[in-house]
Structure formats: C-alpha cells, structure tokens
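Following: one structure in structure tokens, then a few remarks.
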Amino acid sequence: MKKIIRYFSFKSLINDNLELKDSFKLKVYIRFLLGFFVLGIVAGLLFQLNLICIGIIVLSEFFMVPYIIKRIYSAKYNEKKFRDVDIYLHQMLYSFSRSQKIDIALKDTYKIAEGELKECIKKAINELSFGVSEDVYKDAFEIIEAKYGCDRMRALHRYLSLVETKGGRYKKSLQVLNMDFDAWVSGVYKFISELKKIRTDTIIGVVISIGLALVTSTLCIMLGKFGQIINITKSLEYNISTTAFLIGCLIFTTWTIGNYKGDFLSNQRTDKQILVNYKNAFKIDLKKLYLKSLPLLFVLLLASIILFLFKFKIYAIYFTIALLLVLIHPIRLKQRAKKIALDDLRDGFTCWLRDLSLGLSRAPLYVALEQSYKECPVILKENLNVFLNKLDMEPMAVEPYYEFLSEFDCLDVLTAVRTLYSINDMDSESADETINMLVERNNELALKFDGDKYKNITSSLRFLEYFPTFLAAIKISIDLILVITMCL
C-alpha cells in the first residue's frame, strides 16, 4: 500500500525526478488526474459500459498518469539541455575564435545563457578566477561537463585548453569543430521535429480508431429506435472486449508518448556493453557457442525422440521446436551482435575522425594517431592499437590502412580511413586540403549515420501507427459476431 501511495504522491514524484522540480506544479498534477478521470468516464458512457468496466478503465488511466508526466517533462527537460548545449558550443567557438581566451569566451557565453547553464558557467568562471590547481581549465570545464557532458563538448574543451596552454594554429581546427557541431545539431532538431509529428499523428490515429469502434454500439442504439432490439452492450463479452480495447489504446498512447525521452547528450550504451557485444560479434567463434549448447541440444533431442516413441506427438513437436530455436540461437546472436557493433562503430568513428582532424592541424599523421588513442571510443581501441603497431614496423606501408577496421566490413568507414594514407607524404598546403576533404567526408558520414539511425526509429514508429486500427478491427469483429449471435 505504501508503494502505491508513494507512486501517486506529488512529493515523491518531484523528489524522484529532479527535472520536474521547477517546472511541475501540484495544480498541473491535479489537472492531469481530473482530465484522465473525465476521459475514462466519457469513454465508458459512449461505449455504454457497466460501472465495473468504467472503474477498471479509470483506474488504469490513473496508473498511467505518473509515468506519462515523468516522460513528458523528462523529454522537455532533455530538449532544453540540448538547446543549452547548442548555444554553448557555438558561442564558445565564436568567442574563442575572436579572443583566443577561454575566460573571455566563457564570460561571453554567460551573458546569453539561461537557467542551469548560466549557473554552471558562473561556477566555471569562478573556478578559473580563484582555482589553485595545476589544471585549472580542466577543473572549470568539468563543472559544466558534469551537467551537460557529451562527446562534442569534451572535444571542444580539450582543444580550447590545448590552444590556451600551448598555442599554435587553431583557425582551421575551429572550423572543423563548427562544421561538426552544425551537422549534429541540425540532424537532432530534424529528428525531434519528426518525433513530434509522429506522436501527433499517432494520437489522432487512436482517436479515429476509438471512433470506428463506436460504430457497432451506435448502430445497435439506432436500430433500437426503429424497434429492432439488438443490444449487445449488456453482454459480458462486449464489456470485456471493449474494456480491453480501450486499455490497449491507453497503453499504446502511453508508450508512444514515453518511448523516446530525447536524451541526445549521454551515451545510451556503456563501454562495458560495447566491449561485450564486440567480443560476441568478432571474438567468440560460432563453434564454441554450439559447444556450449551441446548438453541442452542433447537433452531436447532425447526428450523429443522418447516422447515421439511413446506416442506423445504434440509434446514431441514442442520439444522439436525448442531444439530448432536453440540450434539457430548462436547464429542469431552473432548476427545481432554484428549489427549492434556496426552501429557502435559508426557512432564512435565519426567522433574519432573529428578528433584526429583536430590533431592533424597541429602534428604529423602518426603523432596525431598516437594522440587520438587515449580518448578514442572503446570500439576502436583494439584495432587502433594494432594499426599503430603495424605503422611502427612499416611506417610507409599501405597495408595497415587497408586492414584497419576491415573486420567490420563497413565501406563508408574503410573509404575514410584509406584517405589518411595520402596525407603521409604531402606538404603542409596539400595536407591542409586533404584534411579539409577528410572533415567534409566525416561530416557527411556523421549525417548519414545519424540519419540512418533516426530513420530506423521513425520508420518503426510510423509502422506502429497502424496498431490502434488493428485493435479497432478486432473490436468491431467481436461486436459483429455478438450481433450475429443475437440475431440467430
């Protein structure tokens, strides 16, 4: 009982979800509850359900309210954080390009920042002014990263700290960062806009499906006025099917609202998850997976044979199906692991190539590659280490460039890697042109990879828009069967 009270408690909702603290008010919570209560009553009356079914629907809606609120406000909060990062990254770039001073860039950004971002920047400025540690820039930037940290912000901070302390050419590198930020930001905003359209279309689809499901009960009422008494609304089957239909629509709408909370800053997968999946995809042999499955395969096969011999054919079929599922599991595991590893590679490679492009504006290729190793994504570390070892032995060989990341068999990535070989023997002017080409290539890759990822998500959601129509079709079919049954 205490858990239920805590689940609905406004105070607990605020304490457990800090993003609601400043923007969510008690009166809004009460309006949500009252709104869903009214919707449940109206839906029950329209479908002429009995009081028990109406109560079940209202109760189901109440249980969805805290979840819906958390997801809606979490999405708004994460979108606000993303907009803050957009403002911060671009303003820091512009100000630093003009002044070449981190403290001036922070003060300029502070003037246009709002809310939590403004507070974080103020603390960072204070750290720069009064900090006594040897790496005061790192300490100052970590204050902002703790709240808004993302790969691009950390890359910007590392580079600004390097220029501030060691100097050197920086104009071209800032252009690299600016192009990367522009491509990322525009892609995310486009995705957010598409998600909002899908959610709107889905809710409209649910309303239309409920309207279609009302046809049969409305038809029965109209027939009653003409003396044809066919009232299916009193039957138990009608009340159960309608209640299940409305709760199904409610669950689907709740899932649609809350399925993507807009957290574009933090990585969705940890380094540990990425490494485990990488090993499953490329390091674990398929034969070893089958050897692990042998005892279970033997038991299932033996059980199927025994059951078949003793005339328990149905159970023998079940065990045979289980045997087939166990047989294909290692293959499916490898296929899925490779698909996920490829997505991890695409996410990590564009970040690594951006950092490498920054390093190339300050150092030769091999030095830039070595410097990129420390901060490179975990999915690349093993391959990059092998690549560097091969270059140590044969600095001018072309084979290492063709073998680097070849196990992933991703043509876009391999083409970008092979471009690096041409930088080796170039003079500074030609190298700059190649670096520019590499940057453009990287931005194209980032847009393509992000676009593919977002397209997969939106395509799945677009497909699921038809689910309420499917529920309505089942509901109408049951109603028609009831009508036919009553007429016979």
Side-chain angles (χ1 to χ4, degrees), residues 28-72 75 194-225 228-260 458-486:
V28 178
Y29 186 43
I30 293 171
R31 284 175 190 168
F32 263 98
L33 291 171
L34 286 175
F36 275 87
F37 176 77
V38 171
L39 280 174
I41 297 295
V42 169
L45 293 175
L46 284 173
F47 282 95
Q48 300 183 62
L49 297 174
N50 60 42
L51 290 176
I52 295 174
C53 290
I54 292 174
I56 292 171
I57 291 168
V58 171
L59 196 61
S60 300
E61 287 181 328
F62 278 176
F63 270 98
M64 298 294 178
V65 168
Y67 176 81
I68 290 172
I69 289 169
K70 283 189 283 187
R71 285 298 192 169
I72 288 174
E194 186 66 19
L195 276 181
K196 289 179 179 177
K197 287 180 184 176
I198 290 172
R199 285 170 181 160
T200 302
D201 292 345
T202 301
I203 292 170
I204 292 171
V206 170
V207 173
I208 292 172
S209 298
I210 291 172
L212 289 172
L214 271 170
V215 169
T216 47
S217 56
T218 305
L219 187 61
C220 289
I221 294 170
M222 291 175 68
L223 288 172
K225 291 180 179 179
Q228 303 290 327
I229 301 174
I230 308 174
N231 191 0
I232 62 172
T233 61
K234 302 297 182 183
S235 68
L236 179 63
E237 292 85 355
Y238 173 84
N239 279 271
I240 291 173
S241 64
T242 305
T243 302
F245 165 71
L246 291 173
I247 291 175
C249 287
L250 172 66
I251 292 171
F252 177 74
T253 306
T254 302
W255 178 83
T256 302
I257 291 170
N259 74 88
Y260 209 82
T458 53
S459 297
S460 301
L461 293 175
R462 284 289 181 194
F463 176 77
L464 287 170
E465 285 179 3
Y466 297 100
F467 183 71
T469 309
F470 172 73
L471 290 178
I474 295 174
K475 167 72 172 61
I476 293 170
S477 301
I478 294 171
D479 289 351
L480 289 175
I481 291 170
L482 291 171
V483 170
I484 293 168
T485 304
M486 290 186 71

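When reading the values below, keep in mind they use all heavy atoms of this one structure, side chains included, and skip hydrogens, waters and symmetry mates.
Heavy-atom minimum distance, Ser209 versus Ala472: O-CB, 3.6 Å. Scanning all heavy atoms of the two residues, the minimum distance from Gly40 to Ile57 falls at CA-CG2, 4.2 Å. When all heavy atoms of Cys249 and Ile210 are compared, the pair lying nearest together is SG-CG1, 4.3 Å. Ala213 approaches Phe245 most closely through the heavy-atom pair CB-CE2, 3.5 Å. Residues Pro468 and Gly205 share a closest heavy-atom pair of CB-O, 4.3 Å. Taking all atoms of both residues into account, the shortest heavy-atom contact from Gly44 to Ile54 is CA-CG1, 3.7 Å.
Lys475 NZ to Leu212 CG: the interatomic distance, rounded to the nearest 0.5 Å, is 11.0 Å. Distance CZ/Arg199 to OG1/Thr253: 12.5 Å, rounded to 0.5 Å. To the nearest 0.5 Å, atom OG of residue Ser60 and atom CD1 of residue Ile251 are 7.0 Å apart. Separating the CD1 atom in Ile203 from the CD1 atom in Ile208 is a distance of 12.5 Å, to the nearest 0.5 Å. Here the straight-line distance linking atom CG of Leu250 with atom CD of Glu61 works out to 5.5 Å at 0.5 Å rounding. Rounding to the nearest 0.5 Å gives a distance of 14.5 Å between CZ of Phe36 and CZ of Phe63.
A donor-acceptor contact shorter than 3.5 Å links the side chain of Asn239 to the backbone of Asn50. Between the side chain of Tyr238 and the main chain of Phe47, a donor-acceptor pair closer than 3.5 Å is present.
Inter-residue side-chain proximity for Pro66 and Phe32 is flagged as unmet; no heavy-atom pair is nearer than 4.5 Å. Val206 is not listed as a side-chain neighbour of Thr256, based on a closest heavy-atom distance of 4.5 Å or more. Residues Glu194 and Lys197 have side chains in contact (heavy-atom distance under 4.5 Å, counting atoms from C-beta outward). Considering only heavy atoms from C-beta on, Val215 stays 4.5 Å or farther from Ile476 through its side chain. Counting heavy atoms from C-beta on, the side chains of Thr242 and Cys53 never come closer than 4.5 Å.
Note on ring orientation: taking the six-membered ring where Trp is involved, the planes of Phe467 and Phe470 are tilted (angle from 30° to 60°).
The number of heavy-atom neighbours closer than 6.0 Å to CG of Leu51, taken from other residues, nucleotides and ligands shown, is 12 or below.
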